[in-house]
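The next block holds one structure in the form of structure tokens; read it before the comments.
This chain uses plain numbering: 1 for the first residue, then up along the sequence.
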Amino acid sequence: SATTLSGGVASVSLTGLNDETHAVSVAYTSANGIASASITTSTLTVAQVAQTISFTAPTSPVTFGALPISLTATGGASGNAVVFSVLSGPGTISAGKLTVTGAGTIQVAANQAGNTDYAAATQVTQSVVVNKAAPVVTVQSSANPVSLQGSIPFTATVSSAVESPT
């Protein structure tokens with residue numbers, strides 16, 4: 001800390017204080033014929049610095065079966081990573097990527113912890129709407145051309161990009 005006195009006003013600069021309450025005491029010792037002042041104690045409260053998260057909205061809507069979606073967010077100055085989680089809906093998160101596990105709406109949260117100097121950031125959420133995957137239906141006949149009034153067997157195949165329909 002450094003103290004300067006100018007025009008009867010003392011200025012003090014305090015550095016390295018952590019986020020708690022500190023007692024600050026001031027005393028003036030006589031100089032040049034000016035009377036000494038008694039010790040005065042006051043409190044100084046240092047609060048943690050707030051930090052915020054900027055969470056880029058993921059692609060939405062997507063179709064069930066889509067590739068994993070990269071999640072992007074930046075946090076405050078605490079140096080702690082922004083951590084993603086699924087609050088609700090058909091999805092999982094691994095290594096910053098959202099994997100869709102079904103149709104519906106996925107609610108994703110971004111959080112960042114604090115430390116001694118920075119408070120935890122307020123949680124930010126984003127939603128991803130997941131549409132059902134459309135099945136593919138194909139029909140084939142076994143005989144072509146067909147004679148008049150002959151029977152023709154047909155085969156229908158139903159498939160999906162994500163699973164075999166039942």
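- Within the structure, ring-ring contact (aromatic ring centres under 6.0 Å, His included) contacts touching residues 72-116 (residues at least two apart or in different chains) are Phe55-Phe84.
- The shortest non-hydrogen separation linking Ala103 to Pro90 is O-CG, 3.5 Å.
- In this structure Ser127 satisfies the side chain to side chain donor-acceptor pair (under 3.5 Å) test together with Gln107, sequence neighbours excluded.
- Taking every heavy atom of both residues into account, Val100 and Phe64 meet most closely at CG1-CD1, 3.8 Å.
- With sequence neighbours excluded, no residue forms a side chain to side chain donor-acceptor pair (under 3.5 Å) with Gln126.
- Grouped by direct or indirect side-chain proximity (heavy atoms under 4.5 Å, Ile/Leu/Val/Met/Phe/Trp/Tyr only), Tyr118 sits with Val49.
- Residues Thr74 and Val82 approach most closely at C-CG2, 4.0 Å, considering heavy atoms.
- Among residues at least two apart or in separate chains, side chain to side chain donor-acceptor pair (under 3.5 Å) pairs with a member in residues 46-60 are Asp19-Gln48, Gln51-Ser78.
- Not one N or O on the side chain of Gln112 forms a donor-acceptor pair closer than 3.5 Å with the backbone of Ile53.
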Candidate pair Val128 and Ile69, rule side-chain contact (heavy atoms from CB on, under 4.5 Å), full reasoning: CA-CA 10 Å; Val128 176; Ile69 301 165; 4.2 Å; yes
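- Taking OG1 of Thr125 as the reference point, atom CD1 of Ile106 lies at 13.5 Å (rounded to 0.5 Å).
- Here the side chain of Asn131 pairs no donor or acceptor atom with the backbone of Thr63 at under 3.5 angstrom.
- Pairs engaging residues 85-100 under the side chain to side chain donor-acceptor pair (under 3.5 Å) rule: Ser70-Lys97 [sequence neighbours left out].
- Checking Asn111 against Gln123 by side-chain atom types alone, a donor-acceptor pair falls below 3.5 Å.
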